[in-house]
Amino acid sequence: MEESTIKNKKNTLGEVEKIVSLAKRRGFVFQSSEIYGGLNGCWDYGPLGVELLRNIKEVWWKAMTYREDVEGLDASILMHSRVWEASGHVENFTDPMVDCKQCKARFRLDVLSDSINEKKKDKAIADLKNDFKDNTVILEKIEGKLKNPEDDDPFNLLLEDVDVGKTLLFKLNCPQCGNANTFTDARKFNLMFKTFVGPVEDTGSVVYLRPETAQGIFVNFLNVQGSSRQKIPFGIAQVGKAFRNEINTKNFLFRTREFEQMEMQFFVKPIDDKKWYEYWKQERMNWFISLGMRKEKLRYHDHHPTKLAHYAKDATDIEYEFPFGWGEIEGVHNRTDFDLARHEEFSGKSLKYYDEETKEKFVPYIIETSAGASRSFMAFLVDSLYEEEVKGEMRTVLRLHPKLAPIKVGIFPLVNKDGMPEIARNIESDLRKHLKVFYDDKGAVGRRYRRQDEAGTPYCITVDTDTLSDQTVTVRDRDSMEQIRISIDKLREYLINKILIS
RNA sequence: GCGGGAAUAGCUCAGCUGGUAGAGCGCAACCUUGCCAAGGUUGAUGUCGCGGGUUCGAGUCCCGUUUCCCGCUCCA
């Protein structure tokens, strides 16, 4: 019994903890404000992390905008507050919460009923009907929700209803402490971060930190279209930070309050929406696979039609199987004309597109691809981490795609004498102009290889005795650990080909 | 949000029934090196997460708090 407890304690280092530990040890990710005790769910990217993150964004940017039909944009994080009224975020981006005044427990209204048994719910509903027995409109509404719950719990639908929710709530006892009549009114917890513009903190100066980059694209639709002379179908891409005041943060970089998105909004004729939705769905999945992510760890999660967000007609998540389960790393949505139509309505400005060929004027449909840069970062890190046994020793290696690897080439003199360091330094200064390289002459060469393996460096160059006579060096491959000899004057071309073009 | 666990050196952890902090790895310097993390010598680093309390005395006991992990829940 005691033995197993001790064993358990030692083995509690979960997969995520392992990643967090490696991330800190090697300088990928540190906890935010660590010396002050940390700030929940906020993380800083260290020297290797910032390279990996930049590389992910760079590869995405090239894949998405180095094509004829997509333009780039970098819109402001702060936008006119009406933008978020139009988008529906101020109204809908909320989770209703109730507190128990007695025991201080807090519940999400829509999950409260899960902890209440069926008999009590039935009785509460019967009481509720009795309360409204003289009001046929309300009664019909109650019956309607009970009969036609779609795939939600009908009890929840009633709890969230503006007319009867409050009455029903006060018929329930707190699942935590069992007391009756102790709930506060349901309060909406808005996930928007709010701040103020200018010196006066009043309601007129409220602005929000954007919860998604998409709206900056929508409101610039005609600016971009006109200035770039694009014709539909075409897209606008943007990489940037977004902020959501999540109730709980969790799972390292997976759910944080500040995160980075890589979004592209593709504007199409309404009639073509299906075609482009399918196209981008496939295209985005291929992107992850092309960067070496394991296929068996990726899947689509199509959203059930009744579970769609207020703006969407079709939606799928591209999910990665993290140590804690499947999690969304990108969403592909058909947002229809919802956003542009709403911005027309709220701004009073036309956002219609005029099609020269058909002489038609219309509000385009939008196919959105929205990838999490931070989540992708974590997925690439998790996916590339291998711990394998080599000749009885553990080898930790990040099999990152060369385009993503923070350091591209490690450069070593086999020993620190006979002119080897000088040659190695010359190679370093030549390659450094083109690639992120790392020079290391500390310790045994095997150790240096392993250090680079752990950082995900795809190639290591070693200057050895043969170099002195024939001007060749060894190039060692991270994954196979095999070496080939390359002439120093061919090195640059060889490596650039392998790393940037492959 | 609920329940559980954890927090001691850069990392992984030990530290018994309270008595002024340890190991391994890593790191740095020098020597040694001739291709896959174990050569030698020397060295640096801790207000034991933070704040209170009990005590002559707290890493250790108590309370609060912060953060992370696990499970459930949730994820427009």
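Throughout, protein chains are lettered first and strands after them, A, B, ... in sequence-line order, and every chain is numbered starting at 1. Every value quoted in this text rests on a predicted model; they were computed, and no experiment measured them. All heavy atoms count here, side chains included; hydrogens, waters and symmetry mates do not.
- For A:Glu393, taking side-chain heavy atoms from C-beta onward, the closest of the listed nucleotides B:rC69, B:rA37, B:rA28 is B:rA37.
- Mapping A:Arg451 and A:Arg255 onto RNA chain B by nearest heavy atom places A:Arg451 closer to the 5' end of the strand.
- At the heavy-atom level, A:Lys417 lies under 4.0 Å from base atoms of the strands shown.
- With B:rU33, B:rA37, B:rC36 as the choices, the nucleotide that has an atom nearest any side-chain atom of A:Gln483 turns out to be B:rC36.
- With B:rC69, B:rA37, B:rC36 as the candidates, the nucleotide lying closest to the side chain of A:Glu17 is B:rC69.
- If you take atom P in B:rG49 and the same atom in B:rA9, they sit 8 Å apart, rounded to whole Å.
- Rounded to whole Å, the P atom of B:rG46 lies 35 Å from the corresponding atom of B:rG1.
- Under the Watson-Crick or G-U wobble criterion, with both distances below 3.5 Å, B:rC68 is paired with B:rG5.
- Counting non-hydrogen atoms under 4.0 angstrom, A:Gly41 reaches the backbone sugars and phosphates but no base.
- Within 3.5 Å, a donor on the side chain of A:Arg476 pairs with an acceptor on the base of B:rC36, or the reverse.
- Using Watson-Crick or G-U wobble geometry with both donor-acceptor distances under 3.5 Å, B:rU20 finds no partner in any strand shown.
- For the P atom pair drawn from B:rU42 and B:rG4, the interatomic distance equals 50 Å after rounding to whole Å.
- Applying the Watson-Crick and G-U wobble criteria (two distances, each under 3.5 Å), B:rC35 pairs with nothing in any strand.
- For B:rC27 and B:rC70, the C1' atoms lie 32 Å apart once the distance is rounded to whole Å.
- Taking CZ of A:Phe266 as the start and CD1 of A:Ile367 as the end, the distance is 9.0 Å to the nearest 0.5 Å.
- As judged by a 4.0 angstrom heavy-atom cut-off over every strand, A:Asn40 is placed among residues touching the sugar-phosphate backbone only.
- Relative to the side chain of A:Lys391, the nucleotides B:rC11, B:rC36, B:rC35 differ in distance, and B:rC36 lies closest.
- Each of A:Glu328 and A:Asp477 was assigned the nucleotide of RNA chain B with the nearest heavy atom; the assignment lying further toward the 5' end belongs to A:Asp477.
- If you check B:rA28 for Watson-Crick or wobble pairing at under 3.5 angstrom, you find it paired to B:rU42.
- Rounded to a whole angstrom, the distance from the C1' atom of B:rC30 to that of B:rU17 is 47 Å.
- Of the nucleotides present, none pairs with B:rU47 by Watson-Crick or G-U wobble criteria with both distances under 3.5 Å.
- Residue A:Asn416 is in base contact, counting any heavy-atom pair closer than 4.0 Å across all strands shown.
- Under the salt bridge (Lys or Arg N to Asp or Glu O under 4.0 Å) rule, A:Lys241 has a single partner from A:Glu260, A:Glu258, A:Glu263, A:Glu212, which is A:Glu258.
- In this structure, A:Glu454 places its CD atom 14 Å from C1' of B:rC27, rounding to the nearest Å.
- Between A:Gln31 atom CD and B:rC11 atom C1' the separation is 16 Å, expressed in whole Å.
- Checking each of A:Arg395, A:Lys18, A:Arg450, A:Arg399 against A:Glu387 for a salt bridge (Lys or Arg N to Asp or Glu O under 4.0 Å) leaves exactly one that passes, namely A:Lys18.
- Screening A:Phe30, A:Phe28, A:Phe259, A:Phe252 for a ring-ring contact (aromatic ring centres under 6.0 Å, His included) with A:Trp43, the sole residue that qualifies is A:Phe252.
- No donor-acceptor distance shorter than 3.5 angstrom exists from the side chain of A:Arg478 to the backbone of A:Asp453, with no hydrogens or angles considered.
- In this model, the phosphate group of B:rA37 is not approached by any side-chain N or O of A:Thr396 to a distance below 4.0 Å at OP1 or OP2.
- Here the separation of B:rC62 from B:rU55, taken at their P atoms, is 16 Å to the nearest Å.
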- Evaluate the ring pair (Phe, Tyr, Trp, His ring centres under 6.0 Å) criterion for residues A:Trp326 and A:Tyr320: first the C-alpha distance (whole Å), next the side-chain angles of each, then the deciding distance (0.1 Å), finally the verdict. CA-CA 5 Å; A:Trp326 291 93; A:Tyr320 179 81; 7.5 Å; no
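- A distance of about 30 Å separates the P atoms of B:rC11 and B:rG53, rounded to the whole Å.
- The nearest whole Å value for the distance from the CZ atom in A:Phe322 to the P atom in B:rC70 is 12 Å.
- Remark: B:rG57 base-pairs with no nucleotide in the shown strands. Criterion, Watson-Crick or G-U wobble with two distances under 3.5 Å.
- Listed candidates were B:rC69, B:rC35, B:rC27. Nearest to the side chain of A:Arg447 is B:rC27.
- An OP1 or OP2 oxygen of B:rC11 is reached within less than 4.0 angstrom by no side-chain nitrogen or oxygen of A:Arg25.
- With hydrogens and angles ignored, a donor-acceptor pair under 3.5 angstrom links the side chain of A:Lys250 to the base of B:rG1.
- Note: A:Phe254 and A:Phe322 meet the aromatic proximity criterion, with ring centroids under 6.0 Å apart.
- Remark: C1' of B:rC75 and NE2 of A:His333 are 12 Å apart, rounded to the nearest angstrom.
- Classification of A:Arg335 and A:Asp314 as a salt-bridged pair fails, no side-chain N sitting under 4.0 Å from a carboxylate O.
- Within the nucleic acid shown, A:Val415 comes within 4.0 Å of at least one base atom, counting heavy atoms only.
- Judged purely by atom type and a 3.5 angstrom limit, A:Asp418 has no side-chain atom pairing as donor or acceptor with the backbone of A:Met420.
- For the pair A:Asp44 CG and B:rC68 P, the computed distance is 12 Å after rounding to whole Å.
- Counting non-hydrogen atoms under 4.0 angstrom, A:Phe412 reaches nothing in the nucleic acid.
- In this structure, B:rG15 is classed as anti because its glycosidic torsion departs from zero by more than 90°.
- The P atoms of B:rG26 and B:rA21 are separated by 26 Å, rounded to the nearest whole Å.
- Below the 3.5 angstrom threshold, one finds a donor paired with an acceptor across the side chain of A:Asn248 and the base of B:rG1.
- Rounded to an integer number of Å, the gap from CD1 of A:Ile35 to P of B:rU47 is 11 Å.
- Side-chain proximity of A:Val445 to B:rC35, B:rG34, B:rC69: nearest is B:rC35.
- Look at CD1 on A:Ile19: it is 11 Å from P on B:rC70, rounded to the nearest Å.
- The nearest whole Å value for the distance from the CZ atom in A:Arg395 to the C1' atom in B:rC35 is 14 Å.
- The base of B:rC35 lies close enough to the side chain of A:Tyr449 for a donor and an acceptor atom to sit less than 3.5 Å apart.
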